[in-house]
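Contents: one structure, followed by commentary.
Here the structure is a predicted model, which is why all the values come from computation and not from measurement.
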Amino acid sequence: MNALWVIVSASFVLLLSVASIPLLNNNGNYLTYLLNWRSSSFLSEVADLLVTNGTIYTSDEALPFADSMAIRNGRILRVGNYSSIKELARTWTKELNLDGKIVVPGFIDSHVHFIPGGLEMARVELRGVNTKDLFVDKIRKAVANVKQGSWLLGGGWNNDIWGGDLPMASWIDSITPHNPVWLTRMDGHMGLANTVALTLAGISCNNENPNGGAIVRNNDGEPTGLLVDSAMKLVLSHIPEATVYERREALKRASNHALKRGVTTVVDFGRYFPGASPEHSWEDFSDVYKWADLSGNMMTRVCLFFPMETWSRLVDLMSKSGHVLSQWIYLGGVKAFADGSIGSNSALFHEPYADDPNNNGLQVVDLDSLYNMTLSSDKFGLQVSIHAIGDRANDLILDMYASLPSEKQIRDRRYRIEHAQHLAPGTVARFGEQSVIASVQPDHLLDDADSAIKKLGSERAERGSYLFKSLLTNNAQLAFGSDWPVADINPLKSIRTSMKRIPPRWEKAWIPSECLCLEDALKAYTISAAHACFLDKYVGSLSPGKYADFVVLSTNSWEDFATEVNADVEATYVGGSKAYSMKPEDKNE
C-alpha cells in the first residue's frame, strides 16, 4: 500500500511539473515551491514516536480510550487503535511498547507555590513530626549545622497530629540562643519565631495586631512566638532574601520532584502569602523563569499568577507578549486572599469557632479595595483567582463576583476560588450557577478532618467540608491541585483521597457521600485543570494537536486502578520526550 501511494504521489508531482513549465519563465521558484510543499505535507504525517500496546486514557470525550498514539515534534499526531497509527511510521520512527500499561495525560497541579516548595526541600522538614520531642530534636540537629547568627528556616509542622498544642518559642529558645529561627506551619498562614527572631523584629507585648493578622500571646500578654497571616511580615521582612542562585536551584528541585509524580504542568501562585512582598513573584518571573526558559532549564510547563495589587504590571506585560511566552511559560492572571486557614483559626466563618467562641476568623483584605482591584483586573481581561477557605469568605467572594458589571457580549472569564473548603448551605449551587471554578486540594482533607471537627463541631464540619461530589452534581467545575509545599505534590495520592476520603487513623470515609469516581478525579487533574487556567488548547488531554505530555503508570489493570488507584508513576513524558523514569538507565531514551 505504501509503495503504491509513493508511485501515485510521484506521478502527481511529475504531471504538475510538466504543466508548470510555462510558468517557470515568470517564476523560476514555482516548481521548487510545489515540491517543497508536497515534501512538507508528506513529512507532517510521519510520526517521530509511536506509543503502542497500552490502555491510553485520553481525557477527551470524543475518544476516551485508545491503545496507541502517534507523536511528531512534541505534539500528538493521531490517537486510536494500532492499525490506524502504524501507517504513520517510517524506518526512523521510534516505538514505545507499553506492554499493556496504563497511560494518562500529564497531570496538571492547579495550585502550587513552586519555588517556595523547592526552597523548602533544602530546609528543615517538619512535615509528619508527631510529637513535641521530635519537633525540638529536629531543630536541635539542624541548628548544629548552621553558622552562629544565621537564620534557621523550615516548615511543614502541623500541631494537630501531635495533639493540638501550638508550639511556642520557649520550646526551642534554649537550643537556639545564637540563631534567629522561623518555622512556618504546613498551611503557610502561621509561623513560629524563637525569641532571638522576635527581638530582631522588635516584637514585644507592646505591639498591636496588624490588620489581617495576629500576634499570639499568653495570658500575660507576652508574645508566644506564633504569628498569624499578615503579622508574619513582622519577621519575614528581617529574613535575608534567597539568592538568585538558590531560587534557580529551587526551580530545578521542584521540577524534578513534580515530574517524579507525573506532573507536567503547574499553576504557580509563587512566593505570595499574607505578609509576604508582592515583588517576590515578579522577581522570580524575571530572575528564575525567564532565565530557565532562555537557558533551556525549563522541565515542566508553568502558568503564572501574580499578586492582584500588581494587576497593572501584568496588563502591561501581556499587552506586549500575550498570554503565551513560550511552550513552557504562560501568563495566567492575578490572585488575592479573602481569609486565612482553619488550622490557624483564621479562615472566615459565619459562626464562631467551636474551640474559640469569640473568633469567626480573619478577613485579610478590605472588600472595597478587593472589589476595585478585581474590577480593574477583569476589565483588562485578566483571570481572577481568590483564596477563600471559610464559608463566609466563600460567600463574600461569590457575592463580589456576582456584583461585577456584566458586558453586553459575554466573555469567558473563568473566575476561580482557591480552596473552597467549607461551604454554607446553598453555596454549592452558586459555583455552577455563576460558572466559578472550584480549585480544590483533596489531600488537605487528610490533615483537616480531625481539626475541622474539633474547630467547627462534627455536624457543622460534615455538612459543609470538601464537597467535591456536590459541586460536580451542581455543574461546578473542579480543578485539583496540591498547594505544595502545604501538601506534597502527588496526584495519584490525591486522586485516591478524593475517591476514598479516609484520613489517617480512620477506618472509614469522612463524608462518604462526597467520594468521587476515578474518571471524575482524573478529569479534575487533567482536562478540567487545563480549562481552569485557559490551557485546554495545549494540554489536559491526549488529543491531536496538543502537546504530548503523558504519564506511564505501573499497572496494566484498569479495573484495579479504578477501584484502588494502586499504581506508581513509571515514566513521565513532556512533549514526547522522557523527562522522568522510575528506571534511571531509561531516563534519556
Side-chain angles (χ1 to χ4, degrees), residues 59-61 105 107-112 265-270 272 301-308 311 314-315 317-318 322-325 329-338 370-371 373-388 393-420 423 427-441 468 471-472 474-481 483 520 523-541 543 546:
S59 278
D60 186 338
E61 292 183 356
F107 294 121
I108 300 168
D109 194 313
S110 295
H111 190 121
V112 301
T265 301
V266 298
V267 180
D268 184 14
F269 290 93
Y272 181 53
R301 307 187 202 282
V302 296
C303 180
L304 302 175
F305 275 69
F306 295 84
M308 189 181 286
W311 66 266
L314 184 56
V315 169
L317 176 60
M318 292 181 72
H323 168 63
V324 181
L325 299 189
I329 301 178
Y330 304 83
L331 300 178
V334 291
K335 182 197 176 182
F337 288 86
L370 180 62
Y371 176 86
M373 289 190 296
T374 300
L375 182 64
S376 297
S377 301
D378 179 68
K379 178 181 177 181
F380 285 94
L382 301 181
Q383 188 179 16
V384 174
S385 181
I386 300 178
H387 163 118
N394 277 275
D395 284 341
L396 287 173
I397 300 310
L398 288 168
D399 288 346
M400 186 191 70
Y401 282 156
S403 71
L404 292 169
S406 59
E407 300 172 347
K408 291 182 180 179
Q409 184 177 2
I410 297 175
R411 180 161 54 84
D412 188 6
R413 288 173 164 84
R414 305 187 198 180
Y415 293 138
R416 296 169 57 124
I417 288 182
E418 302 302 315
H419 310 305
L423 305 177
T427 299
V428 165
R430 297 184 63 187
F431 278 83
E433 291 166 358
Q434 296 180 216
S435 298
V436 174
I437 292 162
S439 171
V440 299
Q441 299 75 40
F468 303 152
L471 284 162
L472 284 178
N474 284 270
N475 301 315
Q477 186 165 11
L478 292 183
F480 276 179
D483 200 10
D520 285 339
K523 285 182 177 178
Y525 253 121
T526 55
I527 190 60
S528 294
H531 178 268
C533 59
F534 287 93
L535 294 188
D536 40 325
K537 292 181 181 178
Y538 312 102
V539 294
S541 65
S543 308
K546 292 190 178 183

Here the pair of heavy atoms bringing A420 nearest to V440 is CB-CG1, 4.4 Å
How far does CG of L317 sit from CG of L325, to the nearest 0.5 angstrom? 6.0 Å
Could you tell me which residues satisfy side-chain contact (heavy atoms from CB on, under 4.5 Å) with L404, sequence neighbours excluded, listed by chain and number? Y371, T374, L375, Y401, Y415
If you apply the rule side chain to side chain contact (heavy atoms under 4.5 Å, CB included), what do you find for I527 with E61, and how did you get there? CA-CA 10 Å; I527 190 60; E61 292 183 356; over 6 Å; no
Could you give the distance from CG (N394) to CZ (R430), rounded to the nearest 0.5 Å? 9.5 Å
State the CD-SG distance between Q383 and C303, to the nearest 0.5 angstrom. 7.0 Å
I'd like to know if the side chain of K523 reaches the main chain of L478, judged simply by a donor and an acceptor atom lying under 3.5 Å from each other, with no hydrogens or angles considered. no
Please report the shortest heavy-atom distance between G540 and I108, naming the atom on each side. CA-CD1, 3.9 Å
With F337, which residues qualify under ring pair (Phe, Tyr, Trp, His ring centres under 6.0 Å), at least two apart? Y272, H387
For M318 and L331, the nearest pair of non-hydrogen atoms, with its separation, is CG-CD1, 3.6 Å
Using modelled atom types only, decide if a donor and an acceptor are shared between the side chain of T526 and the backbone of S541 within a distance under 3.5 Å. no
Working to the nearest 0.5 angstrom, can you tell me the gap between Q477 CD and L472 CG? 9.0 Å
Residues in side chain to side chain donor-acceptor pair (under 3.5 Å) contact with K335, at least two apart in sequence or another chain: none
For S528 and A479, the nearest pair of non-hydrogen atoms, with its separation, is O-CB, 4.4 Å
Should L370 and I386 count as side-chain neighbours, where that means a heavy-atom distance under 4.5 Å? yes
Between atom CG of L304 and atom CD1 of I329, what is the distance when rounded to the nearest 0.5 Å? 6.5 Å
Would a 4.5 Å heavy-atom cut-off, applied to side chains only, mark L314 and F380 as touching? no
Kindly confirm or rule out a cation-pi arrangement of R414 over F534, judged by NZ or CZ under 6.0 Å from the six-membered ring centre and within 45° of its axis? yes
Please give me the minimum heavy-atom distance between V267 and C533, naming the atom from each residue. CG2-SG, 3.9 Å
Would you check if there is a donor-acceptor pair between the side chains of S543 and D60 at a distance under 3.5 Å? yes
Which heavy-atom pair separates F269 from S110 by the least distance, and what is that distance? CE1-O, 3.6 Å
Taking the side chain as everything from C-beta on, heavy atoms only, tell me whether T265 gets closer than 4.5 Å to Y330. no
Taken in chain and number order and not counting sequence neighbours, the residues that satisfy ring pair (Phe, Tyr, Trp, His ring centres under 6.0 Å) with F107 are Y525
Hey, are the side chains of L382 and M308 touching, using non-hydrogen atoms and a 4.5 Å cut-off? no
Non-neighbouring partners of E418 that pass side chain to side chain donor-acceptor pair (under 3.5 Å), sequence neighbours left out: H111, S385, R416, S439
Just jot down the side chain to side chain donor-acceptor pair (under 3.5 Å) partners of N474, sequence neighbours excluded, or say none. none
Is the shortest side-chain heavy-atom distance between D109 and Q441 below 4.5 Å? no
Measuring from H531:NE2 to D412:CG, what's the distance to the nearest 0.5 Å? 5.5 Å
